[in-house]
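Contents: one structure, followed by commentary.
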Amino acid sequence: VMHGHAAWLQGRCDALLAPRFMRLAKGKSICPMFCGLPDMLRAALPGLPPLIDAPVWSLDEPERWALEAGRGLAGKSAILRAVQAGLIAQHALPDCPEPEAERYRVALIGHSYVLGDRFVNMGLIKKLERLSIGTITEDAVEEGDISRAAERLFKAPFWYFARRYYGAAAHLCAAGRVDGVLYVSAFSCGVDSVTAELVASAADGLPFMVLKIDEHTGEAGLDTRLEAFADMLEGRKHGHHIPADGQHYTGCQVVL
């Protein structure tokens with residue numbers, strides 16, 4: 001996805017923002033693919049515009065990162081004014097609303113670059129809405145609720161996103177805010193192989209399904225899996241028993 005976006009931007013901009021994500025929070029590790037994105041882009045796409053690849057060590061220090069990223073582009077005072085304007089705009093964004101009119105609500109868990117890209121997920125959210133399924137993502141869960149839910153694990157997850165995804169799913173399920181959990185996983189993501197199992201345990205008996213996306217463009221497999229998941233939600237509503245070892249719909253590789 002990143003390579004495709006960067007290739008499209010060639011010749012359209014004077015510089016390309018491709019931060020080297022080292023960590024998003026103190027003491028929490030992130031997938032090494034994020035650390036190496038600038039290097040992979042340079043190696044794969046000759047002729048790219050200059051990359052702004054200042055490393056990100058924490059999301060809690062935007063000013064420190066911006067000063068390094070903006071070196072040579074603007075003066076210190078201009079950079080800090082831009083950061084403050086950006087933070088004000090971000091805080092003014094509306095909260096993620098919970099679905100009300102849909103027949104079912106599910107926790108939609110996965111990397112934001114998968115859930116937020118309609119091309120990558122082939123319009124997943126719209127497909128769910130047509131099945132009367134509303135979605136709640138981890139962005140709608142407070143950090144305190146995520147932390148309290150994650151503390152129930154025997155050991156803190158090594159990966160930053162694994163902790164957030166488990167904590168969000170566990171909170172949403174325990175609080176009765178969802179009827180099931182849908183985990184969207186990128187086929188080649190090694191961390192997801194562990195994270196998906198953690199999120200499955202958070203479902204705690206609710207209908208749970210993993211959708212794995214890859215490089216196919218046929219929608220039939222995706223549609224079939226979503227219809228099966230909707231049937232699971234309907235069956236549970238009418239009291240049909242879901243065996244403990246049969247609540248997982250897994251192994252589906254359907255998208256892109």
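By the 6.0 Å and 45° rule, Arg163 does not stack over the aromatic ring of Trp159.
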Test salt bridge (charged side-chain N to carboxylate O under 4.0 Å, His left out) on Arg42 and Asp53 and set out the steps.
CA-CA 11 Å; Arg42 288 190 179 98; Asp53 61 354; 3.0 Å; yes

With side chain to side chain contact (heavy atoms under 4.5 Å, CB included) as the test, would you mind laying out the steps for Ile213 and Leu124 before giving the verdict?
CA-CA 11 Å; Ile213 62 171; Leu124 172 63; over 6 Å; no

Tell me, with the steps shown, if Val181 and Ile109 meet side chain to side chain contact (heavy atoms under 4.5 Å, CB included).
CA-CA 7 Å; Val181 180; Ile109 308 296; 4.3 Å; yes

Quick one: do Arg236 and Leu206 satisfy side chain to side chain contact (heavy atoms under 4.5 Å, CB included)? Show the steps, please.
CA-CA 8 Å; Arg236 191 176 189 279; Leu206 291 178; 3.3 Å; yes

Intermediate values then yes/no, side chain to side chain donor-acceptor pair (under 3.5 Å), Glu143 and Ser147
CA-CA 6 Å; Glu143 175 60 34; Ser147 296; 3.1 Å; yes

Starting from the C-alpha separation in whole Å, work towards a yes-or-no answer on side chain to side chain contact (heavy atoms under 4.5 Å, CB included) for Ile146 and His171.
CA-CA 7 Å; Ile146 290 176; His171 169 76; over 6 Å; no

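Counting heavy atoms from C-beta outward, Phe229 and Pro207 have side chains that approach closer than 4.5 Å. Counting heavy atoms from C-beta outward, Ile52 and Leu16 have side chains that stay 4.5 Å or more apart. Within the 4.5 Å cutoff, the side chain of Leu226 has heavy atoms near those of the Leu182 side chain. Side chains of Met2 and Met40 form no contact here, defined as non-hydrogen atoms less than 4.5 Å apart. Under the 4.5 Å side-chain criterion, counting only non-hydrogen atoms from C-beta, Met22 is not in contact with Val56. Looking only at side-chain heavy atoms (C-beta outward), Phe21 and Cys31 stay at 4.5 Å or farther from each other. Between Phe119 and Val1 the shortest side-chain heavy-atom distance does not fall below 4.5 Å. Taking the side chain as every heavy atom from C-beta outward, Lys76 and Leu80 approach each other to under 4.5 Å.
Other residues, nucleotides and ligands place no more than 12 heavy atoms under 6.0 Å from the CZ atom of Arg118. The local environment of CZ in Arg64 is sparse, with at most 12 non-hydrogen atoms from other residues, nucleotides or ligands closer than 6.0 Å.
In the hydrophobic clustering of this structure, Leu9 groups with Leu73; members are Ile, Leu, Val, Met, Phe, Trp, Tyr whose side-chain heavy atoms approach within less than 4.5 Å, directly or through other members. Val199 and Leu128 fall within a single hydrophobic cluster, where Ile, Leu, Val, Met, Phe, Trp and Tyr are joined by side-chain heavy atoms under 4.5 Å apart, directly or via other members. A continuous path of Ile, Leu, Val, Met, Phe, Trp and Tyr side chains, each step under 4.5 Å between heavy atoms, connects Val210 with Tyr113, placing both in one hydrophobic cluster. Hydrophobic clustering (ILVMFWY, side-chain heavy atoms < 4.5 Å, transitive): Leu45 and Leu51 are in one cluster. Connection of Val83 to Leu93 is not established within any shared hydrophobic cluster, with ILVMFWY side chains joined at heavy-atom distances below 4.5 Å, either directly or through further cluster members.
Between Phe161 and Phe34, the ring planes lie tilted relative to each other; the angle falls in the 30° to 60° range.
In this structure, CD1 on Ile30 lies 8.0 Å from OH on Tyr160, to the nearest 0.5 angstrom. Between atom NZ of residue Lys127 and atom CD of residue Glu227 there is a gap of 9.0 Å, rounded to the nearest 0.5 Å. Taking CZ of Arg23 as the reference point, atom OG of Ser58 lies at 10.0 Å (rounded to 0.5 Å).
Residues Trp65 and Pro19 approach most closely at CZ2-CG, 4.1 Å, considering heavy atoms. Across all their heavy atoms, Ser185 and Asp192 have their closest contact at OG-OD2, 2.9 Å.
A salt bridge links Arg20 with Asp39: at least one charged nitrogen is closer than 4.0 Å to a carboxylate oxygen. Comment: Asp179 does not engage Arg105 in a salt bridge, judged by the lack of any side-chain N to carboxylate O separation of less than 4.0 angstrom. The pair Lys126-Glu129 counts as a salt bridge, with a side-chain nitrogen and a carboxylate oxygen less than 4.0 angstrom apart.
One N or O on the side chain of Asn121 and one on the backbone of Leu115 form a donor-acceptor pair closer than 3.5 Å. Of the possible donor and acceptor atoms, none in the side chain of Arg177 sits under 3.5 Å from a partner among the backbone N and O of Cys173. Without hydrogens or angle criteria, Gln10 side chain to Pro46 main chain gives a donor-acceptor distance under 3.5 Å.
With Met122 as the partner, the side chain to side chain contact (heavy atoms under 4.5 Å, CB included) test is satisfied by one option alone out of Asp117, Asp223, Leu222: Leu222.
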